[in-house]
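Written out below as structure tokens is the structure these notes cover.
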Amino acid sequence: MSAPKFTTLGCRLNAYETEAMKDLAAQAGLENAVVVNTCAVTSEAVRKARQEIRKLRRDNPDSRLIVTGCAAQTEPETFSKMSEVDAVIGNIEKMSPETWQGLAADFIGQTEALQVNDIMSVTETAQHLIDGFGTRSRAYVQVQNGCDHRCTFCIIPYGRGNSRSVPAGVIVDQIKRLVDTGFNEVVLTGVDLTSWGADLPAQPKLGDLVMRILKLVPDLPRLRISSIDSIEVDENLMHAIASESRLMPHLHLSLQHGDDLILKRMKRRHLRDDAIRFAEDARRLRPDMTFGADIIAGFPTETEAHFDNSLKLVEDCHLTWLHVFPYSPRHGTPAARMPQVDGRAIKDRAARLRSAGADAISRHLSQQQGRTHRILTEAPDMGRTEQFSEVRFAAPQAVGKIVTAVITGTDGHQLTA
């Protein structure tokens, strides 16, 4: 018999939860199984999940195949009807020791084969925390799960449930353990990070959590925040941006579009000027700040003029690292019922956005030549600056360390040092 194999599709939070499932499966004694942790962010993600499941079945004909994750939560019947699949478990069930104990049994009965309950009834974030997930240099800490918002294009709240926060004390204790074991950077992750604390007593904000971590874990060299909703950024987070050098000068913004009408049709909570104002304020407080952003190309009813406002946002917000999503309708979302944009136009607009992003990266990297950076090494020949730029080293470095180096050049994609 062999240890179970795990395949992760989708976001960093999914990858975090896969590490938790590995622990739970090992504790339960699960053997000879393949587990697929799926993503549901787009229709294409679900298609890829089905494709991956078929491939894994061909490669592992004698193993039990277990499907979980957001696609399993939102479309359980889709996967339970696949002949390749032995069991489907939901996003809450996958974090439960009892689930894995049941799956470790020799026989998966009908009751155990489909375990997907109402995620909207869940009020707590699972406390199975992983110490050390990530590279040997960077660890990821889940502080929040779920989302209370209902953007018209998004299925994720139905896969993750409503927003739930991990208490600050639990987070601080975990980060202390990570620092004690040698991690030099911690990344806070969640589905809707800026909603952290709304369901906790006294309703603290994300900025309160950041300041508390930096105060109570003084030996943590670098704290990084993953994707945030800029309209929900609180005063304390802005204070941390301005005053805390250990908070990394890189923020990934959930912008989605650059046109006010499309933003309203998306049911976003910000307008174009809000995004620009936040970027200007953050850069004024921290001149070395860089931004990434999620932008959707070809949202229903998007005209060339609407799209042009997204394209201009790259320059207006000084965006550097773009995640471009060609729109694809998700069944069950309001946007899927709106007038759709022609697929060729969507593909063309996504390509133009990616080209603008590549130009922005090239400009940013060229500006770093001759500058001195503190670089966190992820491999003997590679590391990242505080702004998350990738650096290729001329000579091997010790992994997991922060080294100071002068940037000698760039190939348009990476820096060299």
Side-chain angles (χ1 to χ4, degrees), residues 9-11 13-14 36-54 67-82 88 90-91 116 119-120 146-162 191-192 227 229 253-270 272 293-311 313 322-354 357:
L9 306 173
C11 67
L13 186 54
N14 250 15
V36 186
N37 197 6
T38 63
C39 173
V41 68
T42 62
S43 298
E44 178 66 8
V46 177
R47 187 193 69 79
K48 286 183 177 178
R50 291 168 59 88
Q51 183 181 51
E52 183 68 13
I53 287 165
R54 294 189 182 101
V67 179
T68 187
C70 289
Q73 181 69 46
T74 57
E75 302 183 29
E77 296 297 332
T78 295
F79 295 96
S80 65
K81 289 177 180 177
M82 293 181 69
V88 180
N91 265 339
V116 182
I119 201 164
M120 292 302 178
C147 184
D148 291 338
H149 307 299
R150 296 296 181 265
C151 298
T152 58
F153 56 84
C154 188
I155 199 73
I156 295 305
Y158 304 98
R160 290 285 178 181
N162 292 317
V191 174
D192 183 27
S227 182
D229 200 335
L253 310 178
S254 178
L255 298 182
Q256 309 305 344
H257 212 275
D259 184 86
D260 286 350
L261 179 60
I262 298 298
L263 287 167
K264 289 178 181 177
R265 288 174 177 167
M266 287 179 163
K267 208 173 178 181
R268 298 295 293 166
R269 294 170 303 288
H270 72 275
R272 175 189 181 83
D294 296 329
I295 301 182
I296 295 173
F299 185 81
T301 75
E302 180 190 78
T303 65
E304 272 293 323
H306 296 147
F307 171 73
D308 194 48
N309 280 331
S310 281
L311 207 54
L313 203 63
L322 297 190
H323 287 181
V324 177
F325 295 89
Y327 175 79
S328 64
R330 289 297 283 111
H331 178 72
T333 61
R337 301 190 296 271
M338 297 179 186
Q340 303 294 303
V341 175
D342 178 75
R344 289 167 297 183
I346 294 175
K347 186 176 180 180
D348 172 70
R349 291 171 189 175
R352 286 152 61 193
L353 265 176
R354 291 189 180 113

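Keep in mind the model is a prediction, meaning the values are calculated, not measured.
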Worksheet item: Under the side-chain hydrogen bond (donor to acceptor under 3.5 Å, both in side chains) test, which residues partner Arg265, sequence neighbours left out?
Response: Thr301
Discussion item. Let me confirm one number: the SG-CG distance from Cys70 to Leu13, rounded to the nearest 0.5 Å.
Written reply: 8.0 Å
Worksheet item: Checking Arg272 side chain against Gly258 main chain: does a donor-acceptor pair fall under 3.5 Å?
Response: yes
Worksheet item: What heavy-atom pair brings Pro300 and Ile262 nearest, and what distance separates the two atoms?
Response: O-CD1, 4.1 Å
Discussion item. For Phe299 and His306: C-alpha separation, side-chain torsions, deciding distance, then whether side-chain contact (heavy atoms from CB on, under 4.5 Å) applies.
Written reply: CA-CA 10 Å; Phe299 185 81; His306 296 147; over 6 Å; no
Fill in: Atom pair CE/OH of Met266 and Tyr327 - distance to nearest 0.5 Å
9.0 Å
Practice prompt. Measure from the side-chain N and O atoms of Thr38 to the backbone N and O of Ala71, and report whether any donor-acceptor pair falls under 3.5 Å.
Written response: yes
Worksheet item: For the residue pair Arg352 and Leu311, what are the closest heavy atoms and their distance?
Response: O-CD1, 3.8 Å
Fill in: For Asn14, all residues meeting side chain to side chain contact (heavy atoms under 4.5 Å, CB included), sequence neighbours excluded
Thr8, Cys11, Glu17, Asn37, Lys94, Arg160
Discussion item. Restricting to side-chain hydrogen bond (donor to acceptor under 3.5 Å, both in side chains), what partner residues turn up for Glu52, sequence neighbours left out?
Written reply: none
Worksheet, complete the sentence: Residue set satisfying side chain to side chain contact (heavy atoms under 4.5 Å, CB included) with Ala350, at least two apart, ordered chain then number -> Ala297, Val324, Pro326, Arg354
Worksheet item: If only atom types and distance count, is the side chain of Ser43 paired as donor or acceptor with the main-chain N or O of Pro329 below 3.5 Å?
Response: yes
Worksheet item: Considering only heavy atoms from C-beta outward, does the side chain of Cys147 approach that of Ile156 to under 4.5 Å?
Response: no
Worksheet entry | Atom pair CD (Glu44) and CD (Gln51), whose distance is rounded to the nearest 0.5 Å | 8.0 Å
Worksheet entry | Test item: Arg349 side-chain N/O and Glu302 main-chain N/O as donor-acceptor pair under 3.5 Å | yes
Fill in: side-chain contact (heavy atoms from CB on, under 4.5 Å) evaluation trace for Arg150 with Tyr158
CA-CA 10 Å; Arg150 296 296 181 265; Tyr158 304 98; 3.6 Å; yes
Below 3.5 Å, can you tabulate the donor-acceptor pairs from side chains in residues 332-341 to any protein atom, sequence neighbours excluded?
| from | atom 1 | to | atom 2 | distance (Å) |
| --- | --- | --- | --- | --- |
| Thr333 | OG1 | Arg330 | O | 2.6 |
| Gln340 | NE2 | Ala335 | O | 3.0 |
| Gln340 | NE2 | Met338 | O | 2.7 |

Worksheet item: Judged by atom type as modelled, is there a donor-acceptor pair below 3.5 Å linking the side chain of Asp259 to the main-chain atoms of Asn309?
Response: no
Practice prompt. State, with a plain yes or no, whether a side-chain heavy atom of Phe79 is found less than 4.5 Å away from one of Thr68.
Written response: no
Worksheet item: Shortest non-hydrogen contact from Gly357 to Leu322?
Response: CA-CD1, 3.7 Å
Item to complete: Please identify each residue that fulfils ring-ring contact (aromatic ring centres under 6.0 Å, His included) with Phe307, with sequence neighbours left out.
Response: none
Discussion item. Could you check whether Arg268 and Ser254, counting side-chain N and O atoms only, form a donor-acceptor pair closer than 3.5 Å?
Written reply: yes
Worksheet item: Does some side-chain heavy atom of Asp148 sit less than 4.5 Å from a side-chain heavy atom of Asp192?
Response: no
Discussion item. Looking at Asp348 and Arg344, is there a salt bridge between them, counting it only when a charged N and a carboxylate O are closer than 4.0 Å?
Written reply: no
Worksheet item: So how far is it from Leu255 CG to His323 NE2, rounded to the nearest 0.5 Å?
Response: 12.5 Å
Worksheet item: What's the spacing between Leu263 CG and His257 NE2 if we round to 0.5 Å?
Response: 7.0 Å
Worksheet entry | Inter-residue atom distance Asp260.CG - His270.NE2, 0.5 Å rounding | 8.5 Å
